[in-house]
Structures are given as C-alpha cells and as structure tokens.
There are 2 protein chains.
Amino acid sequence: MTIPPLACQPHDHRHCIEQALAEAETLCARQGLRLTALRRRVLELVWQSHKPLGAYDILAVLSEQDGRRAAPPTVYRALDFLLEHGLVHRIASLNAFVGCDHPAHAHQGQFFICRQCHAAIELERSAISDSILDSARGLGFRVEGQTVEVVGLCARCQDAR
Amino acid sequence: MTIPPLACQPHDHRHCIEQALAEAETLCARQGLRLTALRRRVLELVWQSHKPLGAYDILAVLSEQDGRRAAPPTVYRALDFLLEHGLVHRIASLNAFVGCDHPAHAHQGQFFICRQCHAAIELERSAISDSILDSARGLGFRVEGQTVEVVGLCARCQDAR
DNA sequence: TCTAAAGTGTAATAGAATAACGTCCCCATG
DNA sequence: CATGGGGACGTTATTCTATTACACTTTAGA
C-alpha cells in the first residue's frame, strides 16, 4: 500500500504552498531561471489548493485582489514558463492548471481527479507509462508525450457517502 | 507484433467511412436510436479522415458545403449524441473529435496521435487500463473514466525522414 | 553606460462550448 | 382521425479559453 496522498485528506495546506515556492526558488536558482514576482505569484495561486485552477480564475485574482493590470497574455505567459520548467501541469480535460508535487526532475505525471472535491492527485507510476511505451512499441510509434487523466471518486469522497 | 493500424498507412479510406456508417446504422437500429440525417452527416464528416476534427471545422462544412443553416449547438448536439453512444471519441488535448473504430461495445480507447500527420490511432489495451486501475486501487480511488492521449511520431512519419 | 534580450502591458481577435428559448415534426394514445 | 407530448433542430446571445501583434520596461551582460 502506498502512502495516501495529501491532496485528498485534511492537512495544513500552508505547508504545501511554502514548500512548492521554496522548491521553485531552488530550482530556478540552480538553473539560472528568473522566477519573477508575477511568476511566483501565479505559482502561489495555482497552489492555493490541490484543485486544478483555470487561467481566468488566476486572472481574476490578479486583477481584483492584487490590483494588478492583467490581461490573458499576462497569465498565459507566466503559466507557459511554469509549465516549461515543470512547476505546474496542465490538465487537458479540464482546461486547468495544477501545481507539481516534485518538480525537481522532468516528468509528466498521471492524474487522478475527483469529480466531487475536484482534487487532482498526481502519481508517477512506471507501470502505467511502461504499458503505454510498450503499446507504442508494438505500433512503431515514438512517444514524445503522455497525457493520463483519470476521473472518478477519491477515497475520502467515497467515505463521505 | 500487432497488425499495423490503417490510420497511419495508405489505404482506401472510402471503405472506412462506409463501414463506420454501416456500423452506426446497425447499432442505432438495434438500440432504437435515431440516426438522423444530421447526425449521420456529422459522423461522416468526422470520419473524413483519421485526424481528429474540430467542431468548428464540421460547422464550416455544414454551412458552406451543405448549405445548411448551422450554429454551434447544431454540431455539438450531434456530437453529444455520437459521443454518448460511442460512435466518436473526444480528444481532450486537441479539442477535437475522431470516429470510433469499433463502437459495438462501450469503451474508452487510448489514443496515439502523430504530431506530423495528425492521425489518431485508437487502441484498447487492457495492459494500460489495468495498470491505471491498479494504481487507482492503491489510492482507494474509484475510477469512472480514463483519458489516455499519447503524442509523438507514427511509424510512417518516422520513416519519412 | 549601453545594448540586446527577456519580461510585461495592452488591445484585439480567434477558437471552443453552452444557455435559453422557440419551432417543427414524429408518432403513440385515446 | 385528432391531439398532445417529447425529441430534434434553429436561432441568438453569451461565456470561457487561448493567441496574435505590437509597445514599453526591466534586466543582465558586454
């Protein structure tokens, strides 16, 4: 049995945010990347919860709460930077973005998304990616990127019945 | 080694279209569903190739080519019907739709999408879905739907280098 | 200090999907 | 035969998501 992920159980979420920001600082420092105030803030907002967040939700906070002049490109550029360096992931089936648990190494996770509480649990199971690579090999298909998004009910929301 | 899929090699595509439409007729007849002229036409358009097709591309053909009065809901309603009964699949990462090879039984395929020729090859490998179900079990997560979309280069486009 | 590149602001637009309402037509029932 | 109810489709408007193009500013490095 694996360790149950924080995402779908009560926890001190401030710690998640702090850690994510700290890891981002470290990663950017190490790679000579510029984690600007805007990018840092967008990352923080994406980490506001474990629920994938829409670009326009981020935009709304920047405008209304931060009083920052912001139009869509402002947000999308920040998100592009964060995506490119693995600090956030995009959930295609939701048109939304979620913070990455472990940005230290390049990867594309697998996401288990609860339709009830909307939490997105990220895993990185070689059993899944290997089975995909294996099927691809049978086709002679060269894999460049994998999107695995599973929707259903997390353990907590099942219990809450 | 599996049989190489038609999608990424030359073939008489008229046959694919005919067969898809015939299967749809059969399936709808058997289930008492109404495959109206519009739904049939949208299915035919989706099958125009093995490339996922956008809703607005379909819309354009209906308007310009068929001279049909059509607005987005016209297309989306037809697509919803076709999706609901497994005649087409939606590719979330492309916001596009592709015909289903084998609509006879309910399923959610796995898609291998070539970034060069844009063909989408549908597979249904239990090795992939089982590995997902297995990981879900470890989380206590109840799976209701799987999205597996792999992007890369198909065998044919690799050779074409 | 100067310059090139990267980052951000701004306006406009493209692309994807849905909401809400009205009309028509089929056909099952009386 | 009529009739009325539900499904399918037309229509208009709107919402949500994302990108293009260009201007201005900041930053790092020569």
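Within every chain, numbering begins at 1; the chains are lettered A, B, ... in the order of the sequence lines, protein sequences first and strands thereafter.
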Practice prompt. Would you check if the distance from the ring center of B:His102 to the ring center of B:His107 is below 6.0 Å?
Written response: yes
Worksheet item: Using a cut-off of 4.0 Å on non-hydrogen atoms, how would the nucleic acid contact of A:Thr74 be classed: base, sugar-phosphate, or nothing?
Response: base
Worksheet item: Within this structure, what is the CG-to-C1' distance between B:Asp80 and D:dC9, rounded to whole angstrom?
Response: 14 Å
Fill in: Touch class at under 4.0 angstrom, heavy-atom based, for B:Arg39 against every strand present
sugar-phosphate
Worksheet item: Whole Å only: how far is the CZ atom of A:Arg77 from the C1' atom of C:dA11?
Response: 12 Å
Item to complete: Kindly state whether the ring of B:His89 and the ring of B:Phe111 have centres lying under 6.0 angstrom apart.
Response: yes
Fill in: CD on B:Gln108 to OG1 on B:Thr147, rounded to 0.5 Å
6.5 Å
Worksheet item: Start at the 5' end of DNA chain C and walk down; is the nucleotide closest to A:Ala70 or to A:Phe81 reached first?
Response: A:Phe81
Fill in: Nearest-nucleotide comparison on DNA chain D, the residue closer to the 5′ end among A:Leu94 and B:Pro73
B:Pro73
Discussion item. Please classify the nucleic acid contact of A:Arg34 as base, sugar-phosphate, or nothing, using heavy-atom distances under 4.0 Å.
Written reply: sugar-phosphate
Item to complete: Ignoring backbone atoms, establish whether A:Asn95 has a side-chain N or O less than 4.0 Å from OP1 or OP2 of D:dA18.
Response: yes
Item to complete: Calculate the interatomic distance between A:Leu35 atom CG and D:dT27 atom C1'; express it in whole Å.
Response: 15 Å
Item to complete: Please state how far atom CG in B:Leu33 lies from atom C1' in D:dG7, giving the value in whole angstrom units.
Response: 13 Å
Fill in: Min side-chain heavy-atom separation A:Ile91-A:Glu149 under 4.5 Å
yes
Worksheet entry | Between C1' of D:dA8 and CG of B:Leu79, the distance in whole Å | 15 Å
Response to the item:
Rounded to whole Å, the CG-P distance (A:Asp57 to D:dT17) equals 7 Å
Worksheet item: For B:His13 and B:His15, what are the C-alpha separation, side-chain angles and deciding distance, and is it a side chain to side chain donor-acceptor pair (under 3.5 Å)?
Response: CA-CA 5 Å; B:His13 188 62; B:His15 183 251; over 6 Å; no
Worksheet item: Which one, D:dA18, D:dG10, C:dT18, comes nearest to the side chain of A:Tyr56?
Response: D:dA18
Practice prompt. Evaluate whether the aromatic ring of A:Tyr76 and the six-membered ring of the D:dT19 base sit under 5.5 Å apart, centre to centre, with an inclination under 30°.
Written response: no
Worksheet, complete the sentence: From CD of B:Glu84 across to C1' of D:dA8 the rounded distance in Å is 14 Å
Practice prompt. Can you tell me the distance, in whole Å, between the CZ atom of B:Arg90 and the C1' atom of C:dA17?
Written response: 9 Å
Fill in: Selected nucleotide, minimal atom distance to B:Phe97 side chain, candidates C:dG9, D:dT11, C:dA17
C:dA17
